[in-house]
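Just follow the structure's listing: the first ligand is 1, and inside any ligand the first atom is 1. Hydrogens, waters and symmetry mates play no part in the numbers below; they use all other heavy atoms, side chains included.
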Amino acid sequence: DKGNHRHFMEKEIYEQPEVISHALGHYVDFANHTVNAETGLIDFTGVSRLAISACGTAYLAGLVGKYWFERYARLPVEIDVASEFRYREMPLSPDQAALFISQSGETADTLASLRYCKENGLKIGAVVNVKESTIARESDAVFPILAGPEIGVASTKAFTCQLTVLASLAIAAGRARGTITEAEEKELVRHLTEVPRIMSAVLNSIQGQIEQLSRDLSKVKDVLYIGRGTSFPLAMEGALKLKEISYIHAEGYAAGELKHGPIALIDENMPVIVIAPHDRFFEKTVSNMQEVAARGGKIIFITDAKGAAASNLPTMATIVLPEVDELIAPMVFSLPIQLLAYHTAVFMGTDVDQPRNLAKSVTVE
Ligand code: F6R
């Protein structure tokens, strides 16, 4: 049932505040602002390295998770798309742990990667939406994302729920390993618990502007997304979402890679979507944006109020989100990239919930 929405994808985008609340309810102690025992099913204390493997959007959630585990828990993370992970003969030892992220819990390559890690004696955690899935069954610890059924082929609410669970696990790992203090844990958890409220406000405020912008975007052939830090995986997620449902060619790049190749593509026909909250990387990303502007590129600037005030470069549009802590920026900044892909596809008249050539669950290699 789509409720009063035109597509499941739209419904699922708007469900995010609610389902993230459910996920937080499962992993967070709201009264004490700590993560709870559910996050402790894997003991990260003596773990030397964490391997993460997944496909598509779940892989990009894992890539955001890598930044968090390394920053907050000082835990080195190896991450690969599962189709590479399963064959690349990565040396593993039992003092390592592995996380597999999958909405369906049935993705063939992710399952094969899990089995490879199991054979090597690693402790296995599964971040899944379908709790009765094969990946969940074969894991030592199951971390449900509690997104509810996701019908739209393009993943939206599963992505932000995966992020919520990974953030909780990274905080738990940081506490277990003594790399964040109790006070820091409380501060981070406090930010996490604000996500549903902030997301609701953003969903209400950006809708009209995004719809307008999507009309222009539906006329272009190529789009480039750039970002730094956790906005880099988000840039790739934005590009993936757009190409999946609107069939517009899109690429996501680390902003610093621009001058190593993709800048050659910039002209007035290819919009560049710059994802840049006013964080540690902001100045660097703005200098990349400058390079785009200098070559006549059209910029769609997704930032916060502080970021918007700090740049005076001409843009095709500036989407202003609330200023939030770096930890939760990936969840909040997911909204404009999801809505931009959604409305662009609607303008183009594609089958948003069932895009051509794609299946919701990829159970063959
Ligand atoms: C993107 C998308 C796919 C899936 C990928 C993994 O919108 O839906 O890229 O994320 O096929 O699927 P799961 O998470 O079921 O393993």
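The closest protein non-hydrogen atom to atom 12 (O) of ligand 1 is T107 OG1, 3.6 Å. Residue, atom and distance of the protein heavy atom nearest to atom 4 (C) of ligand 1 are T57 N, 4.0 Å. With respect to atom 14 (O) of ligand 1, the closest heavy atom belonging to the protein is Q103 N, 2.6 Å. Looking only at protein heavy atoms, the nearest one to atom 11 (O) of ligand 1 is V362 CG2, 4.3 Å.
With a heavy-atom cut-off of 4.0 Å, V153 touches ligand 1 through its backbone alone. When heavy-atom distances to ligand 1 are checked against a 4.0 Å cut-off, E244 comes that close only through its side chain, counted from C-beta outward.
Inclusion of S155 in the set of residues having an N or O under 3.5 Å from an N or O of ligand 1 is warranted. At under 3.5 Å, not a single nitrogen or oxygen of K360, backbone or side chain, sits near a nitrogen or oxygen of ligand 1.
Under a 4.0 Å heavy-atom criterion, K241 is in contact with ligand 1.
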As a quick check of understanding, evaluate side-chain hydrogen bond (donor to acceptor under 3.5 Å, both in side chains) for K241 and S155, giving each step before the final call. CA-CA 8 Å; K241 219 80 309 163; S155 184; 5.1 Å; no
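Atom 5 (C) of ligand 1 has its nearest heavy-atom neighbour, among C55, S104, A359, in C55.
Both the sub-6.0 Å distance and the 45° axial angle are not jointly satisfied by R177 relative to the ring of F44.
Interface of S102 with ligand 1, defined as ligand atoms under 4.0 Å from a residue heavy atom, comprises 13 (P), 14 (O), 15 (O), 16 (O). Annotation for ligand 1: atoms under 4.0 Å from non-hydrogen atoms of A58 are 10 (O), 14 (O). Close approach to A154 involves these atoms of ligand 1, each under 4.0 Å from a residue heavy atom: 7 (O).
In the model, T34 has no side-chain atom that pairs as donor or acceptor with a side-chain atom of N32 under 3.5 Å. Between the side chains of H278 and D304, no donor-acceptor pair of N or O atoms lies under 3.5 Å. A donor-acceptor contact under 3.5 angstrom links the side chains of S48 and D95, judged on distance only.
With respect to the salt-bridge test (charged N to carboxylate O, under 4.0 angstrom), the residues E138 and K118 do not qualify.
For the side chain to side chain donor-acceptor pair (under 3.5 Å) criterion with K157, the lone passing option out of E150, Q338, E15 is E15.
Aromatic ring centroids of F143 and H26 lie 6.0 Å or more apart.
Using a 4.5 Å cut-off on side-chain heavy atoms (C-beta onward), I248 and K221 make no contact.
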